[in-house]
Number of protein chains: 2
Amino acid sequence: MLRLSGQTANPAARHTQTTLKFRKGEIIYAQGDPASDWYQVVSGTVRTCFLYRDGHRQLTGFYYGGDVFGIEAEKFRSSAEAVTPVTLTRRSKAIGFAIPAEQIPEASSILQSALNHAQSCISLLGRRTANERVAAFLLATAWRIGGRDSLNLPMTRADIADHLGLTIHTVSRTLSELARREIINLNGPQSITICNPQLLRLLADGEGRDSSHEQKDQIGALDCPTLAMAPATAFGR
Amino acid sequence: MLRLSGQTANPAARHTQTTLKFRKGEIIYAQGDPASDWYQVVSGTVRTCFLYRDGHRQLTGFYYGGDVFGIEAEKFRSSAEAVTPVTLTRRSKAIGFAIPAEQIPEASSILQSALNHAQSCISLLGRRTANERVAAFLLATAWRIGGRDSLNLPMTRADIADHLGLTIHTVSRTLSELARREIINLNGPQSITICNPQLLRLLADGEGRDSSHEQKDQIGALDCPTLAMAPATAFGR
DNA sequence: CGACAGGTTGAGTGAGCTCAAGTCGGGTGG
DNA sequence: CCACCCGACTTGAGCTCACTCAACCTGTCG
């Protein structure tokens, strides 16, 4: 794995904020590094993951334009890596939050956004079947990317699998099955269209357990967005 | 399910802090309630959980004396319930953090503690087998309760199961199996002694996959506490 | 063109779920 | 006091869904 510190794109930037670029696959920070800075995605996609002793990964989140990541106490419990080429801004934790009085609401909302991200992750892992997890992941990603039904997944099947606690085989099979049932459309491995959001929502909520044909009990499926759907709030400019 | 607002034990308390008592099983706040206050456990045990549409629970954490909970953005995504009889202090979010400048470090550490709790939960759910999850849960609980090898689990098997994403049957079977292998001792359903912490640690880290006798490769098992072990930092005193 | 990474799909296995008894202890009422 | 109930827990038997192992496809890059 490559390890670069990133190139400073704006050399005139003050101590308070630095713009960085990373290539696909590069490590932004590693598990165990001192967590003195935090980051905001300008463009591209970032993943955070931690490694267990036995080597397997748990991806704790994907971060898109506007998202903040790297909010941790002392040391990073997760590493962060570029899923695609990314541009980031980096700020010092001491300066960026928790000191100047006028920035407190801002600081809170940054931390809240990190909390929301973590809760979304728990909400995915708390689902019990592969169908539920994949369906919930697709809906959450579609929502996050911009609410469109057509979405471009920047990450690989392995990333999805390690995010959902499944294998790439199961992820692939589940997606194929969803396509076969015409709930989604696979235009290519990375390009997915959601054809039947209502049914996908039912699957995510575990209501597609029995028959796959009848649309039983649509009530309750259309009300407020479920837990998993609560957007991992992007911290605004 | 009973629903009480709790009795104010200290009527002289200012707006800023109220002491409350709840009986076993009582709901402290419900999923969806406006999250205007946050809480700290004085004594007893609290669980937070959210419910999926299909009715199944995901417990997101257990909170013991000193722990802070109820830190959420606008509405509670989880409910909180008393596992045992509990005494709590409740503070307003607006007053308790994010406003007076001198309280900022405090505010940060409260939010950080919530983040740590969430990450510990993810770390448990990210493990793949029942053995790993139960072993990690026991170690984390023993660590949190006070580092002793003998621990009293205040929660039921159902609570543990819903925390780890397993069934009560699997939890029960796994504990029995650990007892059979003399890694732990079951003095009663709630009272557990950890006889072989090293081996339990290996199991938690997925290294007990093959043989159950050989203590292969103890190196790496004794160094820094693993992710799951990082204490869900108690805020306060 | 071959090498390789990413993805799909099939066959077989096994860990954990479901269904079903059965135990144990505490509370309650006759 | 005993009978009864009920909730929490344990344990067995069988099944199923997701994992493992393996083959194969596709597109990209050197």
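Scope of the values below: all heavy atoms of this structure, side chains included, with no hydrogens, waters or symmetry mates. Note that this is a predicted model, so its numbers are computed, not measured.
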Peer 1: Give a yes-or-no answer on whether the side chains of A:Arg181 and A:Asn196 include a donor-acceptor pair shorter than 3.5 Å.
Peer 2: no

Peer 1: Could you list the residues that satisfy side-chain contact (heavy atoms from CB on, under 4.5 Å) with B:Ala82, not counting sequence neighbours?
Peer 2: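 B:Ala82 satisfies side-chain contact (heavy atoms from CB on, under 4.5 Å) with B:Phe22, B:Val86 only.
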
Peer 1: Within this structure, what is the CZ-to-P distance between A:Arg180 and C:dT8, rounded to whole angstrom?
Peer 2: 16 Å

Peer 1: Apply side-chain contact (heavy atoms from CB on, under 4.5 Å) to A:Pro197 and list each qualifying residue two or more places apart in sequence or on a separate chain.
Peer 2: A:Asp149, A:Ile194

Peer 1: Using a 4.0 Å cut-off on heavy atoms, which residues in residues 165-178 of chain B reach DNA chain C? List them by number, or say none.
Peer 2: B:Gly165, B:Leu166, B:Thr167, B:His169, B:Thr170, B:Arg173

Peer 1: To the nearest Å, how far apart are B:Lys24 NZ and C:dG27 C1'?
Peer 2: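 Taking atom C1' of C:dG27 as the reference, NZ of B:Lys24 is at 13 Å.
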
Peer 1: Rounded to the Å, how far apart are A:Arg157 CZ and C:dT9 P?
Peer 2: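 Result: 10 Å.
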
Peer 1: Using atom CG of A:Leu153 as one end and atom P of C:dT8 as the other, report the distance to the nearest whole Å.
Peer 2: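 It works out to 11 Å between those atoms.
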
Peer 1: To the nearest Å, how far apart are A:Arg127 CZ and D:dC17 P?
Peer 2: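 Going from A:Arg127 (CZ) to D:dC17 (P), I get 19 Å.
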
Peer 1: Who pairs with B:Ala135 by side-chain contact (heavy atoms from CB on, under 4.5 Å), at least two apart in sequence or on another chain?
Peer 2: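 With neighbours one apart ignored, the set is B:Leu200, B:Leu203, B:Ala204.
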
Peer 1: Who are the side-chain contact (heavy atoms from CB on, under 4.5 Å) partners of A:Thr156, not counting sequence neighbours?
Peer 2: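 So A:Thr156 forms a side-chain contact (heavy atoms from CB on, under 4.5 Å) with A:Ala158, A:Asp159.
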
Peer 1: Return the value, rounded to whole Å, for the distance between atom CG of A:Asn131 and atom P of D:dC19.
Peer 2: 12 Å

Peer 1: Rounded to whole angstrom units, what separation is found between the CZ atom of B:Arg128 and the P atom of C:dG14?
Peer 2: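 Value for this atom pair: 17 Å.
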
Peer 1: Report the distance from atom CD1 of B:Ile160 to atom P of D:dA8, rounded to the nearest whole Å.
Peer 2: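 Nearest whole value for this atom pair: 13 Å.
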
Peer 1: What nucleotide, of D:dA18, C:dG6, D:dT10, holds the atom closest to the side chain of A:Ala130?
Peer 2: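 The listed nucleotide nearest to A:Ala130's side chain is D:dA18.
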
Peer 1: Main chain of A:Gln119, side chain of A:Ser123: is a donor-acceptor contact present, judged purely on distance under 3.5 Å?
Peer 2: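 Absent.
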
Peer 1: Phosphate oxygens OP1/OP2 of D:dA8: is one of them under 4.0 Å from a side-chain N or O of B:Gln190?
Peer 2: no

Peer 1: Looking only at side-chain atoms of A:Thr156, point me to the closest of C:dG6, D:dC9, D:dA18.
Peer 2: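 Minimum distance to the A:Thr156 side chain belongs to C:dG6.
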
Peer 1: Under the side chain to side chain donor-acceptor pair (under 3.5 Å) rule, collect the residues that match up with A:Asp162, sequence neighbours excluded.
Peer 2: A:Arg57

